[in-house]
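Keep in mind that what you see is a predicted model, and the values were worked out from it rather than measured.
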Amino acid sequence: MTEPQRSRHPLDGIKVLDLGQIYNGPYAGFLLAMGGADVVKIEPITGEAIRNRGGGSRPSFALALLNSNKRGIALDLKSAEGKEVFLELARHADIVSENFAPGIMDKLGIGCDVLQANNPRLIYASSTGYGVSGPNANGLAMDLTIQAASGVMSINGPADGPPLKTGLAICDFYGGIHLYAGIMTALFEREVTGFGRRVE
């Protein structure tokens with residue numbers, strides 16, 4: 001028995017629109033891109049916030065690292081033209097991934113329900129600090145606040161010292177890993193059902 005011909009990468013042919021910011025969302029997109037997916041990083045016209053971290057005239061190392069193997073486009077999602085372009089891209093995408101504050105995509109008129117109505121096979125992946133439901137759903141979060149709220153800071157640093165943030169943004173990166181895992185699980189499910197889902 002001969003081994004079947006394998007594609008060069010496991011995710012060849014998968015199209016991703018990556019609206020991720022800072023570390024969390026972009027890291028999930030990075031993992032998809034490293035698996036061979038065609039990931040398009042979508043930034044605002046002014047550029048993503050992490051672009052200028054570190055100073056100097058060059059884009060930051062973090063921006064370059066987290067967006068390796070991705071293509072890029074800048075869109076004004078508050079404008080009618082920007083929304084129209086995004087909706088057209090989403091019609092042909094397999095995955096839309098974002099880590100905006102809860103409700104932002106719906107306020108822009110391009111949330112999960114709108115996108116899946118135009119593309120029922122779409123997987124809509126969302127990463128927020130406290131989920132999209134529950135008493136803390138509207139709470140804003142960054143790695144630092146999640147480290148504090150989860151207790152990570154309480155077990156870091158000197159035994160006789162105050163709580164201390166870890167050197168790395170571990171909550172953002174772990175969040176990105178779990179978002180990637182959810183996306184991959186939804187891709188597997190879609191092979192069975194033919195339909196996408198919301199991944200949180």
Side-chain angles (χ1 to χ4, degrees), residues 6-54 56-101 104-105 108-112 114-128 169 172-173 175-188 190-191 196-199:
R6 297 191 188 277
S7 65
R8 188 164 164 262
H9 296 288
L11 298 179
D12 277 351
I14 297 296
K15 295 178 180 161
V16 182
L17 301 180
D18 179 2
L19 292 160
Q21 308 172 83
I22 313 293
Y23 303 133
N24 180 314
Y27 190 58
F30 168 80
L31 294 172
L32 291 164
M34 295 309 285
D38 178 11
V39 181
V40 177
K41 166 78 171 184
I42 299 176
E43 292 185 67
I45 300 298
T46 55
E48 197 216 319
I50 201 170
R51 181 170 282 279
N52 297 319
R53 281 199 180 169
S57 59
R58 294 183 186 179
S60 70
F61 174 76
L63 181 88
L65 170 72
L66 291 169
N67 293 290
S68 297
N69 281 10
K70 299 179 187 178
R71 296 188 291 151
I73 186 173
L75 290 176
D76 178 1
L77 295 177
K78 294 179 180 176
S79 73
E81 183 183 19
K83 286 181 200 173
E84 185 179 340
V85 170
F86 179 76
L87 286 169
E88 182 59 26
L89 290 170
R91 270 189 202 95
H92 305 286
D94 296 288
I95 300 158
V96 167
S97 178
E98 55 93 358
N99 64 312
F100 293 126
I104 293 295
M105 292 289 281
L108 291 170
I110 50 175
C112 182
V114 170
L115 298 180
Q116 287 183 332
N118 290 326
N119 180 358
R121 289 179 53 80
L122 182 75
I123 294 163
Y124 183 95
S126 173
S127 183
T128 64
D172 268 355
F173 284 106
I177 290 167
H178 283 87
L179 185 62
Y180 170 76
I183 290 168
M184 294 304 294
T185 304
L187 277 173
F188 179 82
R190 193 181 73 173
E191 288 301 304
R197 71 156 54 236
R198 180 173 190 142
V199 173

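The neighbour count for Lys15 NZ, taken as heavy atoms of other residues, nucleotides or ligands under 6.0 Å away, does not exceed 12.
Looking at Arg190, its side chain does come within 3.5 Å of a backbone N or O of Arg121 through a donor-acceptor pair. In this structure a side-chain-to-backbone donor-acceptor pair under 3.5 Å is missing from Asn118 to Ala90.
Only one option out of Ile22, Thr128, Asn24, Ile104 pairs with Asn99 in a side chain to side chain contact (heavy atoms under 4.5 Å, CB included); it is Asn24. With respect to Ile95, the side chain to side chain contact (heavy atoms under 4.5 Å, CB included) criterion is satisfied by exactly one of Leu11, Val39, Ile183: Ile183. For the side chain to side chain contact (heavy atoms under 4.5 Å, CB included) with Val96, the lone residue among Ile110, Leu89, Leu19 that qualifies is Leu19.
Between Ser127 and Leu179 the shortest heavy-atom distance is CB-CD2, 3.9 Å. Taking both residues in full, the closest heavy atoms of Gln116 and Leu122 are given as NE2-O, 2.9 Å, listed atom of the first, atom of the second, then distance. Closest heavy-atom contact between Phe30 and Ser68: CE1-CB, 4.0 Å. The two residues Ile50 and Ala62 have their closest heavy-atom pair at CD1-CB, 3.5 Å. Across Gly82 and Leu75, no two heavy atoms sit closer than the pair O-CD1, 4.1 Å. Residues Lys41 and Glu48 share a closest heavy-atom pair of NZ-OE1, 2.8 Å.
Sequence neighbours left out, the pairs with a member in residues 16-39 that pass salt bridge (Lys or Arg N to Asp or Glu O under 4.0 Å) are Asp18-Lys70, Asp38-Arg71. Screening residues 57-93 for ring-ring contact (aromatic ring centres under 6.0 Å, His included), with sequence neighbours left out, gives no hits.
We find the CG-CD distance between Leu63 and Glu43 to be 6.0 Å, quoted to the nearest 0.5 Å. In this structure, Leu17 CG and Ile42 CD1 are separated by 4.5 Å, a value rounded to the nearest 0.5 Å. His178 contributes atom NE2, which lies 10.5 Å from atom OG1 of Thr185 (distance to the nearest 0.5 angstrom).
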| Hey, mind stepping through Leu187 and Ile14 against side chain to side chain contact (heavy atoms under 4.5 Å, CB included) and telling me if it holds? | CA-CA 10 Å; Leu187 277 173; Ile14 297 296; 4.1 Å; yes
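Looking only at side-chain heavy atoms (C-beta outward), Tyr180 and Met184 come within less than 4.5 Å of each other.
Glu88 has a carboxylate O that lies under 4.0 Å from a charged side-chain N of Arg91, or vice versa, which qualifies the two as a salt bridge.
Classification of the Tyr27-Phe173 ring pair by plane angle, with boundaries at 30° and 60°, yields perpendicular.
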